[in-house]
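Chain naming here is simple, since letters A, B, ... match the order of the sequence lines and numbering starts at 1 in each.
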Amino acid sequence: MTLRVYNTLTRQKEPFQTIEPGKVRMYVCGPTVYDKAHLGHAVSLLVYDIIRRYLEYKGYDVRHVMNYTDVDDKIINRARELGQDPQALAEHYIQEFEKTMRALGVLWPTVQPRVTQEMDWIQRMVQGLLDKGYAYQVEGNVYFDVTKDEDYGKLSGRRLEDLRAGVRIEPDPNKRHPADFALWKAAKPGEPTWDSPWGPGRPGWHIECSAMNLHHLGEQIDIHGGGQDLIFPHHENEIAQSESYTGKEPFVRYWVHNGMLRVRGEKMSKSLGNFITVDDFLAEHEPDVLRMILLNAHYRSPIDYDEPHVQQAKQALTRLRNAMRPAYPNAPGADDEVLQRLQAQIQATREGFEAAMDDDFNTAAALAHLFELVRAINQARDAGATDAQLQPAQDLLRELGEDVFGLHLQPQAEGASQADIEPLVELLIEVRSELRKQKQFALADLIRDRLAALGIRLEDTPHGTTWRRETREPHANQP
RNA sequence: GGCGACGUAGCCAAGUGGUAAGGCAGGGGCCUGCAAAGCCCUGAUUCGCGGGUUCGAAUCCCGCCGUCGCCUCCA
């Protein structure tokens with residue numbers, strides 16, 4: 001099977017072929033660090049985490065770059081409000097963001113460049129664009145001249161005439177064309193500045209991503225990711241800069257854009273003030289719940305966030321985890337017919353899962369195949385399968401659910417180890433069984449309830465009583 | 001005004017020409033002292049609406065209605 005990926009540039013799914021065989025160069029737009037991460041950031045982190053995990057499952061070596069925008073109007077303004085140094089503020093929120101990444105359990109990017117550490121590459125590109133006539137200087141500012149780029153607008157499907165007719169482009173007397181954008185902004189009093197051939201100033205927003213791509217991945221890359229709201233103008237401008245500078249097309253082989261998270265039917269955004277921070281979410285729910293919400297939908301679709309969806313995702317996650325539970329006590333072993341069915345499902349699941357993921361990372365369809373495996377495992381367990389007989393199926397569920405989807409399906413008990421408490425729990429179960437035989441249900445239930453309060457769940461089956469540590473509690477992000 | 005996406009059972013959602021995956025919730029049953037989990041059965045003659053193409057359409061075309069996004073910072 002060949003992986004096919006939807007490319008925003010061509011608006012269709014295309015066979016995935018990398019520039020270098022076996023290697024993927026992937027760049028994902030990271031945050032501007034002036035505030036805590038919200039759920040939209042989490043969506044982006046998780047979507048590209050899952051994509052990366054699948055690429056690695058397919059055997060690719062992924063070089064994954066995610067930037068931090070640590071120089072920007074918003075940072076400067078926030079720092080001014082708080083009476084802080086902008087760099088200190090940015091550093092603080094980078095640390096916060098990385099806490100969030102750890103809490104969400106995403107694979108760590110290979111490189112995490114910061115604008116402030118890329119000035120050489122940024123200035124080199126700005127100068128190159130000036131030299132080639134794609135940019136012009138006005139009073140210490142450098143602007144990109146969109147009229148010099150014949151195919152400007154190809155990513156977002158816009159034409160300059162349309163833009164000119166646009167209602168909300170603010171007139172700027174310095175710009176030759178309203179759609180021209182700043183590569184370098186002349187210094188204003190009280191702002192961080194860097195020396196440059198065009199005078200003191202700081203980079204415009206778009207140039208950083210072009211420069212970091214060039215520096216860390218090369219002139220052409222395989223995948224460029226980001227939210228759909230970045231298609232215009234940010235990614236459009238990136239293409240214009242990079243292709244004008246290098247003279248090579250395409251700058252990016254596959255433009256991948258994830259759908260926006262919505263709250264109460266509207267996009268969640270800082271300007272609308274309806275955003276939920278990741279910390280707020282994690283104080284109530286475990287990170288896998290958000291992962292499940294995303295897995296259940298397609299990454300390009302908008303996702304509505306609300307409590308009912310959270311509850312649905314939580315239940316579905318529990319069903320997945322319950323399939324990892326062991327065989328019944330003293331399981332006699334399942335017969336051949338049952339085992340053959342289980343074996344057939346193992347094969348069908350892997351094939352179905354890969355076919356779904358190969359089709360533009362169709363996680364919802366892939367997840368459906370996982371649930372079919374779940375049913376087969378549960379059927380086999382009910383039919384008396386032993387742990388050894390269940391293991392191949394559970395191994396597959398673990399591989400696809402944990403390694404590829406990034407979920408945590410195995411109970412991860414905290415505190416005392418399993419081995420430490422096992423003899424004690426077994427003792428209590430034995431005592432309780434005696435009580436049940438003697439119909440002393442009040443006492444038996446007391447033991448069950450008190451153990452439940454301690455996070456140990458007892459379940460009576462026809463074959464005996466099983467126990468397990470309660471799945472982990474929701475926890476706030478750890479330091 | 002320009003560009004674009006979407007509209008599938010109570011809810012989430014896959015499915016882009018061959019007769020509707022999966023999950024959540026609900027109902028019935030099995031199991032059980034009870035509980036929990038699990039298993040079995042159960043739901044759209046139908047895919048926003050109206051036309052058209054086709055032997056055949058949720059899937060293609062046209063029109064309409066509705067929701068949302070981008071065009072300004074934004075994952």
Chemist: Between the base of B/rC12 and the side chain of A/N296, is one N or O donor paired with an acceptor at under 3.5 angstrom?
Modeler: yes
Chemist: Atom CD1 of A/I223 and atom NE2 of A/H64: how far apart are they, to the nearest 0.5 Å?
Modeler: 10.0 Å
Chemist: A/G157 near the nucleic acid: base, sugar-phosphate alone, or nothing, with a heavy-atom cut-off under 4.0 Å?
Modeler: sugar-phosphate
Chemist: Roughly how far apart, to the nearest Å, are B/rU72 and B/rC62 at atom C1'?
Modeler: 35 Å
Chemist: Tell me which residues in residues 375-382 of chain A put a heavy atom below 4.0 Å from RNA chain B, sorted by number, or none.
Modeler: A/R375, A/N378, A/Q379, A/D382
Chemist: Hey, does A/P308 reach any base, or is it just sugar-phosphate, or nothing, if we go heavy atoms under 4.0 Å?
Modeler: nothing
Chemist: For residues A/R375 and A/N378, is any side-chain donor paired with an opposing acceptor at under 3.5 Å?
Modeler: no
Chemist: Using atom P in both nucleotides, what's the gap between B/rC24 and B/rA37 to the nearest angstrom?
Modeler: 11 Å
Chemist: Can you tell me the pairing partner of B/rA5 across any strand shown, Watson-Crick or G-U wobble, with both distances under 3.5 angstrom?
Modeler: B/rU67
Chemist: Side chain of A/R319 only, heavy atoms from C-beta on: which candidate in B/rG38, B/rC70, B/rG22 is closest?
Modeler: B/rG38
Chemist: Please report the distance, rounded to the nearest Å, between CZ in A/R11 and C1' in B/rC3.
Modeler: 8 Å
Chemist: Side chain of A/A365 only, please: which of B/rG22, B/rA75, B/rA14 is the nearest?
Modeler: B/rA14
Chemist: Establish, with yes or no, whether the OP1 or OP2 oxygen of B/rC12 is under 4.0 angstrom from a side-chain nitrogen or oxygen of A/R262.
Modeler: no
Chemist: Any residue in residues 221-228 of chain A with a heavy atom nearer than 4.0 angstrom to RNA chain B? Just list them by number, or reply none.
Modeler: A/G226, A/G227
Chemist: B/rA36, B/rC24, B/rC11: which one has an atom nearest the side-chain heavy atoms of A/H309?
Modeler: B/rC11
Chemist: With A/Q440, which of A/K437, A/R436, A/Q438 fulfils side-chain contact (heavy atoms from CB on, under 4.5 Å)?
Modeler: A/Q438
Chemist: Quickly work out the A/M260 CE to B/rC73 P distance and round it to whole Å.
Modeler: 15 Å
Chemist: Does this structure show an ion pair linking A/R262 with A/D304, if we count only N-O contacts that are shorter than 4.0 Å?
Modeler: yes
Chemist: Is there a side-chain contact between A/N362 and the phosphate of B/rG15, meaning an N or O under 4.0 Å from OP1 or OP2?
Modeler: yes
Chemist: Without decimals, in angstroms, what is the distance between A/D359 CG and B/rU59 P?
Modeler: 19 Å
Chemist: Rounding to the closest angstrom, what is the interatomic distance between B/rC64 and B/rG18 at atom P?
Modeler: 29 Å
Chemist: Judged by each residue's nearest nucleotide on RNA chain B, which is more toward the 5′ side, A/H298 or A/P31?
Modeler: A/H298
Chemist: Under 6.0 Å from the CD atom of A/E150, do we count more than 12 heavy atoms belonging to anything else shown?
Modeler: no
Chemist: Using 0.5 Å steps for rounding, measure from the CG atom of A/L320 to the CD atom of A/E402.
Modeler: 9.5 Å
Chemist: Determine the interatomic distance between C1' on B/rG51 and the same-named atom on B/rC65; round to the nearest Å.
Modeler: 15 Å
Chemist: Please find out if less than 6.0 Å separates the ring center of A/Y6 from that of A/Y299.
Modeler: no
Chemist: Taking the minimum atom-to-atom distance to the side chain of A/K267, which one of B/rG15, B/rG23, B/rC70 wins?
Modeler: B/rC70
Chemist: Going by purine N1 to pyrimidine N3 plus the second Watson-Crick contact, or the G-U wobble pair, all under 3.5 Å, which nucleotide sits opposite B/rC39?
Modeler: B/rG29
Chemist: For B/rU46, which nucleotide is its Watson-Crick or G-U wobble mate, given both distances must be under 3.5 Å?
Modeler: none
Chemist: B/rA21 and B/rA14: how far apart are their C1' atoms, nearest whole angstrom?
Modeler: 6 Å
Chemist: What's the spacing between A/N7 CG and A/L9 CG if we round to 0.5 Å?
Modeler: 5.0 Å
Chemist: Which of these nucleotides, B/rC24, B/rG22, B/rA75, is closest to any side-chain atom of A/C29?
Modeler: B/rA75
Chemist: Can you see which heavy atom on A/M66 is nearest to which on A/P31, and at what distance?
Modeler: CE-CD, 4.3 Å
Chemist: In whole angstrom, give me the gap between the P atoms of B/rG23 and B/rG33.
Modeler: 29 Å
Chemist: Considering only the C1' atoms, how many Å lie between B/rG15 and B/rA57, rounded to the nearest integer?
Modeler: 13 Å
Chemist: Mark yes or no for whether A/T2, through its side chain, and A/F16, through its backbone, hold a donor-acceptor pair below 3.5 Å.
Modeler: no
Chemist: Go through B/rA75, B/rC24, B/rA14 for me and flag the one nearest to the A/A364 side chain.
Modeler: B/rA14
Chemist: Any chance you could measure A/D395, atom CG, to A/M324, atom CE, to the nearest 0.5 Å?
Modeler: 7.0 Å
Chemist: For A/L367 and A/R457, find the nucleotide of RNA chain B closest to each by heavy atoms; which residue's nucleotide sits nearer the 5' end?
Modeler: A/L367
Chemist: If I take atom CG in residue A/L458 and atom P in nucleotide B/rG33, what distance separates them, rounded to the nearest angstrom?
Modeler: 16 Å
Chemist: Can a donor-acceptor pair be found, under 3.5 Å and without considering hydrogens, that links the side chain of A/T100 to the backbone of A/E96?
Modeler: yes
Chemist: Using the ring pair (Phe, Tyr, Trp, His ring centres under 6.0 Å) rule, take A/Y27 and A/F251 through it: C-alpha gap first, then chi angles, then the decisive distance, then the call.
Modeler: CA-CA 12 Å; A/Y27 184 95; A/F251 160 48; 8.3 Å; no
Chemist: Output the distance between atom CD1 (A/I293) and atom CG (A/D288), rounded to the nearest 0.5 Å.
Modeler: 11.5 Å
Chemist: Which nucleotide in the list B/rC24, B/rA75, B/rA14 gets nearest to the side chain of A/L230?
Modeler: B/rA75
Chemist: For the side chain of A/L261, starting at C-beta, report the closest nucleotide among B/rC31, B/rA75, B/rA14.
Modeler: B/rA75
Chemist: Go ahead and name the base partner of B/rC73; Watson-Crick or wobble counts if both distances stay under 3.5 Å, otherwise write none.
Modeler: none
Chemist: Using the P atom in both, what is the distance from B/rC12 to B/rG4, to the nearest Å?
Modeler: 27 Å
Chemist: Which one is paired to B/rA57, where only Watson-Crick or G-U wobble pairs with both distances under 3.5 angstrom count?
Modeler: none
Chemist: For B/rG38, does either OP1 or OP2 sit under 4.0 Å from a side-chain N or O belonging to A/N322?
Modeler: yes
Chemist: When you check the side-chain N and O atoms of A/Y152 and A/E236, is any donor under 3.5 Å from an acceptor?
Modeler: no
Chemist: Listed in order of residue number, which residues of residues 430-450 of chain A have a non-hydrogen atom at under 4.0 Å from RNA chain B?
Modeler: A/R432, A/R436, A/F441, A/D445, A/R448
Chemist: Classify the nucleic acid contact of A/E372 as base, sugar-phosphate or nothing, counting any heavy atom under 4.0 Å across all strands shown.
Modeler: sugar-phosphate
Chemist: How many Å lie between CZ on A/R300 and C1' on B/rA13, as a whole number?
Modeler: 15 Å
